[in-house]
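Let me give you the structure first, and then I'll get to my questions.
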Amino acid sequence: MAAEGGGKEMNEIKTQFTTREGLYKLLSHSEYSRPNRVPFNSQGSNPVRVSFVNVNDQSGNGDRLCFNVGRELYFYIYKGVRKAADLSKPIDKRIYKGTQPTCHDFNHLTATAESVSLLVGFSAGQVQLIDPIKKETSKLFNEERLIDKSRVTCVKWVPGSESLFLVAHSSGNMYLYNVEHTCGTTAPHYQLLKQGESFAVHTCKSKSTRNPLLKWTVGEGALNEFAFSPDGKFLACVSQDGFLRVFNFDSVELHGTMKSYFGGLLCVCWSPDGKYIVIGGEDDLVTVWSFVDCRVIARGHGHKSWVSVVAFDPYTTSVEESDPMEFSGSDEDFQDLHFGRDRANSTQSRLSKRNSTDSRPVSVTYRFGSVGQDTQLCLWDLTEDILFPHQPLSRARTHTNVMNATSPPAGSGGTNPGSNGNSITTPGNSVPPPLPRSNSLPHSAVSNAGSKSSVMDGAIAAGVSKFATLSLHDRKERHHEKDHKRNHSMGHISSKSSDKLNLVTKTKTDPAKTLGTPLCPRMEDVPLLEPLICKKIAHERLTVLIFLEDCIVTACQEGFICTWARPGKVVSFNP
């Protein structure tokens, strides 16, 4: 989809761009695609997605790449900036009939040079577990589509787990699975575990443990994407109803919400320290939301169409502490952020602690990127003049247009006196606060945080690790909510019948009523970011943006996966 108008200059595809770090350059020899390199006719097909895993082999070339194009799924050795791509030798290739792969995720915890566990979600609702190195297909979940008949929109392993994974569907439901359990031969029966504003969580009522362990019903319309916080404790979900909802995953509590300017939200990601969430969607904006304050702190406008992917660049994010130590993201500490969270991360912890020592301003810059259906890549810097608007600007920012930066956004005044990071434990910071501060949380949805455990089942209170052995036959005292067929209907969320069930608290949100509130502040009430760069880099809509240590990876709907070498990382190729 080429941009309309503007002549040749505007429609020219860029192969390099420059930021303050230097020159980023497209490596044409490192392009991955189907072996014939023919552009894929993408009409009516699911978005091309890319997943990476590092198998830690001894050769030093441990990166592996998986991508889907139409009905096909490919698995290659990824040589990145080091060597040219050899498309004639995929490690594994699969062609599916009657359904298409829509998303996939590697288990970074269990990956070895001999075996990897790859989950693949499909357009008809199934989830497959495969090992593309051994070329094995071990299991198929929701095979008979008894759990959900709608398209899988997002699938991810639960961080730190070898067996638990979470699946979102266009029905608006999410399901927690264990690879060790079966899905049963009959449709599951559910009983209510917890409900809140526009969400409900059910356990599967069964004599023997079976999948799914939990069923989440979230918002209205499709649940388009979810993302776990860096420490795995929180879950951010974006839906077609335009809402971001952030949950405490273990306790199944709603932490906070945000509403898009208009239209559905399509993508979400966390900052490396878990303090900020960036969201993109059908309002053509990128929105920055503070996890601590539960409010919008900035919006970015650069795209001319829907934003399909947002991602933080942990390697360019930097923190300068009061003792002048510069931590740039190029050090190896950030490697763990991309390939698992089970190891300690010193740079992440420094980011987490940047507000906990004192209130003096520090120099911090978060870099994030976005790609959209307008075929453009945008890079953005989130700087301290946006993050700490009440403090004097420590330096001039040429790429940040701060509107009313010295006055608090509408509806935020006085909500959280400890809003410089001390009020709650953020997802990137595993050190609990010295005093319980649940009464100072900025959102009423979590004002009873201190009494969470009193309303939870023991199995859930003990954390997600217990889900693997969750047994439900000893919960007979719990009232069983009738099925009413709503659990298997793709359109049940917007149907009239679901109102009567009182399982999801229905508050039909009028966009005009949320605009101007903390849920969705007006454009003039929050700082407006301008992109550092905004470049057209493809002929078709962009669907992938991944930041790696020595390169940036993008992909478009034609099925071309492109590698952009970071400044100083271009090497001479030895095909």
Side-chain angles (χ1 to χ4, degrees), residues 1 13 15 25-55 57 59 61-106 111 113-123 128-137 309 371 375 537-546 548 550-565 570-575:
M1 164 179 118
I13 291 180
T15 57
K25 193 167 185 179
L26 178 66
L27 302 180
S28 56
H29 296 295
S30 294
E31 183 179 86
Y32 287 78
S33 67
R34 298 186 299 169
N36 60 14
R37 291 190 185 272
V38 174
F40 176 68
N41 181 359
S42 61
Q43 294 301 317
S45 291
N46 290 286
V48 172
R49 301 288 187 206
V50 172
S51 295
F52 280 97
V53 67
N54 190 292
V55 298
D57 70 352
S59 70
N61 192 20
D63 288 337
R64 300 293 181 265
L65 166 81
C66 171
F67 61 92
N68 60 290
V69 181
R71 296 187 296 115
E72 302 165 21
L73 190 74
Y74 291 92
F75 183 71
Y76 280 99
I77 293 175
Y78 179 68
K79 300 177 181 178
V81 302
R82 296 180 298 278
K83 287 190 175 181
D86 183 1
L87 299 184
S88 65
K89 298 177 181 176
I91 300 174
D92 197 11
K93 172 189 174 182
R94 300 178 185 227
I95 301 178
Y96 296 93
K97 295 179 180 178
T99 187
Q100 293 186 0
T102 58
C103 49
H104 29 84
D105 190 44
F106 287 105
E114 294 77 37
S115 174
V116 293
S117 295
L118 176 68
L119 291 168
V120 184
F122 290 91
S123 56
Q128 193 178 44
L129 176 63
I130 64 177
D131 187 332
I133 295 180
K134 293 182 177 179
K135 295 183 170 56
E136 292 178 357
T137 302
V309 183
V371 295
T375 71
I537 61 169
H539 285 294
E540 260 288 350
R541 63 188 186 273
L542 293 161
T543 58
V544 170
L545 175 62
I546 299 171
L548 299 179
D550 51 10
C551 62
I552 299 175
V553 176
T554 62
C556 72
Q557 195 55 20
E558 286 184 319
F560 296 116
I561 290 88
C562 298
T563 297
W564 302 77
V570 179
V571 295
S572 56
F573 280 106
N574 301 306

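What you see below is based on every heavy atom in this structure, not just the backbone, and it leaves out hydrogens, waters and symmetry mates.
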(message) Holding to salt bridge (charged side-chain N to carboxylate O under 4.0 Å, His left out), I want the full list of residues that pass it with Asp92, two or more places apart in sequence or in another chain.
(response)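 Expected list: Arg94.
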
(message) Applying side chain to side chain donor-acceptor pair (under 3.5 Å), can you list everything that pairs with Ser123, at least two apart in sequence or on another chain?
(response)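 With neighbours one apart ignored, the set is Thr99.
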
(request) Of all the heavy-atom pairs spanning Cys551 and Thr563, show the shortest one and how long it is. (result)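 Here Cys551 and Thr563 meet closest at CB-CG2, 3.7 Å.
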
(message) Tell me the closest heavy-atom pair linking Val544 and Val371, and the distance in Å.
(response)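 So the minimum-distance heavy-atom pair works out to O-CG2, 3.9 Å.
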
(message) Applying side chain to side chain donor-acceptor pair (under 3.5 Å), can you list everything that pairs with Tyr32, at least two apart in sequence or on another chain?
(response)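 Partners of Tyr32 by the side chain to side chain donor-acceptor pair (under 3.5 Å) criterion come out as none, since no residue qualifies.
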
(request) Only counting residues at least two apart or in another chain, list the ones meeting side-chain contact (heavy atoms from CB on, under 4.5 Å) with Thr15. (result)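 Thr15 satisfies side-chain contact (heavy atoms from CB on, under 4.5 Å) with Leu26 only.
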
(message) For Cys103, give me all partners under side-chain contact (heavy atoms from CB on, under 4.5 Å), at least two apart in sequence or on another chain.
(response)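 side-chain contact (heavy atoms from CB on, under 4.5 Å) list for Cys103, sorted by chain: Val152, Val155.
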
(request) Taking all non-hydrogen atoms of both residues into account, name the closest pair between Ser45 and Gly70 and its distance. (result)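 Ser45 and Gly70 have their closest heavy atoms at OG-CA, 4.3 Å.
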
(message) Give me the atom names and distance for the closest heavy-atom approach of Tyr76 to Pro35.
(response)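 Smallest heavy-atom distance, with atoms named: OH-CG, 3.7 Å.
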
(message) Run the side chain to side chain donor-acceptor pair (under 3.5 Å) test against Ser33 and tell me which residues pass, sequence neighbours left out.
(response)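 Once residues adjacent in sequence are excluded, Ser33 has no partner under the side chain to side chain donor-acceptor pair (under 3.5 Å) criterion.
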
(request) Report yes or no: does Thr375 contribute a side-chain atom to a donor-acceptor pair with the main-chain N or O of His539 at less than 3.5 Å? (result)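 Flag not set: sc Thr375 to bb His539 has no pair under 3.5 Å.
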
(message) If the condition is ring pair (Phe, Tyr, Trp, His ring centres under 6.0 Å), which residues does Tyr96 pass it with, not counting sequence neighbours?
(response)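 Residues passing ring pair (Phe, Tyr, Trp, His ring centres under 6.0 Å) with Tyr96: Phe122.
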
(message) Using side-chain heavy atoms (C-beta onward) and a distance below 4.5 Å, is Cys66 in contact with Leu118?
(response)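 A side-chain contact under 4.5 Å exists here.
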
(request) Only counting residues at least two apart or in another chain, list the ones meeting side chain to side chain donor-acceptor pair (under 3.5 Å) with Thr554. (result)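 In terms of side chain to side chain donor-acceptor pair (under 3.5 Å), with neighbours along the sequence ignored, Thr554 is linked to Trp564.
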
(request) Look up atom CG in Asn54 and atom CG in Asp63, then write down how far apart they are to the nearest 0.5 Å. (result)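 Interatomic distance, Asn54 CG to Asp63 CG, rounded to 0.5 Å: 5.0 Å.
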
(request) Not counting sequence neighbours, which residues clear salt bridge (charged side-chain N to carboxylate O under 4.0 Å, His left out) with Glu31? List them please. (result)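 Salt bridge (charged side-chain N to carboxylate O under 4.0 Å, His left out) check on Glu31 returns Arg37.
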
(message) Rounded at 0.5 Å granularity, tell me how far CG in Leu545 sits from CD1 in Ile552.
(response)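 The CD1 atom of Ile552 is 7.0 Å from CG of Leu545, to the nearest 0.5 Å.
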
(message) Return the CG to CD distance between Leu119 and Gln128, rounded to the nearest 0.5 Å.
(response)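 Here the interatomic distance stands at 10.0 Å.
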
(request) Report yes if some heavy atom in the side chain of Leu548 is under 4.5 Å from a heavy atom in the side chain of Tyr78; otherwise report no. (result)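 Contact flag for Leu548/Tyr78 side chains = yes.
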
(request) Using side-chain contact (heavy atoms from CB on, under 4.5 Å) as the criterion, list what pairs up with Glu72, not counting sequence neighbours. (result)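 Counting only residues at least two positions away or on another chain, Glu72 forms a side-chain contact (heavy atoms from CB on, under 4.5 Å) with Arg34, Tyr74, Ile95.
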
(request) For Val81 and Ala565, work out which heavy atoms get closest and say how close. (result)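 Nearest heavy atoms, Val81 then Ala565: CG1-CB, 3.9 Å.
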
(message) In the structure I gave you, are the side-chain heavy atoms of Arg49 and Val309 within less than 4.5 Å of one another anywhere?
(response)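 Yes. Closest side-chain heavy atoms under 4.5 Å.
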
(message) Can you confirm whether Leu129 sits close enough to Ser117 that some side-chain heavy atom of one is under 4.5 Å from a side-chain heavy atom of the other?
(response)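 Sidechains of Ser117 and Leu129: in contact.
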
(request) Could you tell me whether a side-chain N or O of Thr543 sits under 3.5 Å from a main-chain N or O of Val48, the two making a donor and an acceptor? (result)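 A pair under 3.5 Å: yes.
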
(message) With a 4.5 Å cut-off on side-chain heavy atoms, are Asp550 and Arg82 touching?
(response)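 The answer is yes; the side chains approach within 4.5 Å.
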
(message) Does any part of the side chain of Leu65, heavy atoms only, come nearer than 4.5 Å to the side chain of Val553, both counted from C-beta?
(response)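 Not in contact.
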
(request) Identify the heavy atoms of Ile13 and Ala538 that sit nearest to each other, and give their distance. (result)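 Closest approach of Ile13 to Ala538, heavy atoms only: CD1-C, 3.5 Å.
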
(message) List the residues meeting ring pair (Phe, Tyr, Trp, His ring centres under 6.0 Å) with Phe75, not counting sequence neighbours, and say none if there are none.
(response)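 Here the qualifying residues are Phe106.
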
(request) Give the intermediate values and the outcome of side chain to side chain contact (heavy atoms under 4.5 Å, CB included) for residues Asp86 and Lys79. (result) CA-CA 9 Å; Asp86 183 1; Lys79 300 177 181 178; 4.2 Å; yes

(message) Holding to side-chain contact (heavy atoms from CB on, under 4.5 Å), I want the full list of residues that pass it with Asp131, two or more places apart in sequence or in another chain.
(response)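 Applying side-chain contact (heavy atoms from CB on, under 4.5 Å) to Asp131 gives Ser115, Val116, Ile133, Lys134, Glu136.
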
(request) Answer whether the closest heavy-atom distance between the side chains of Asn68 and Thr102 falls below 4.5 Å. (result)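 In short, these two side chains do not touch, never coming nearer than 4.5 Å.
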
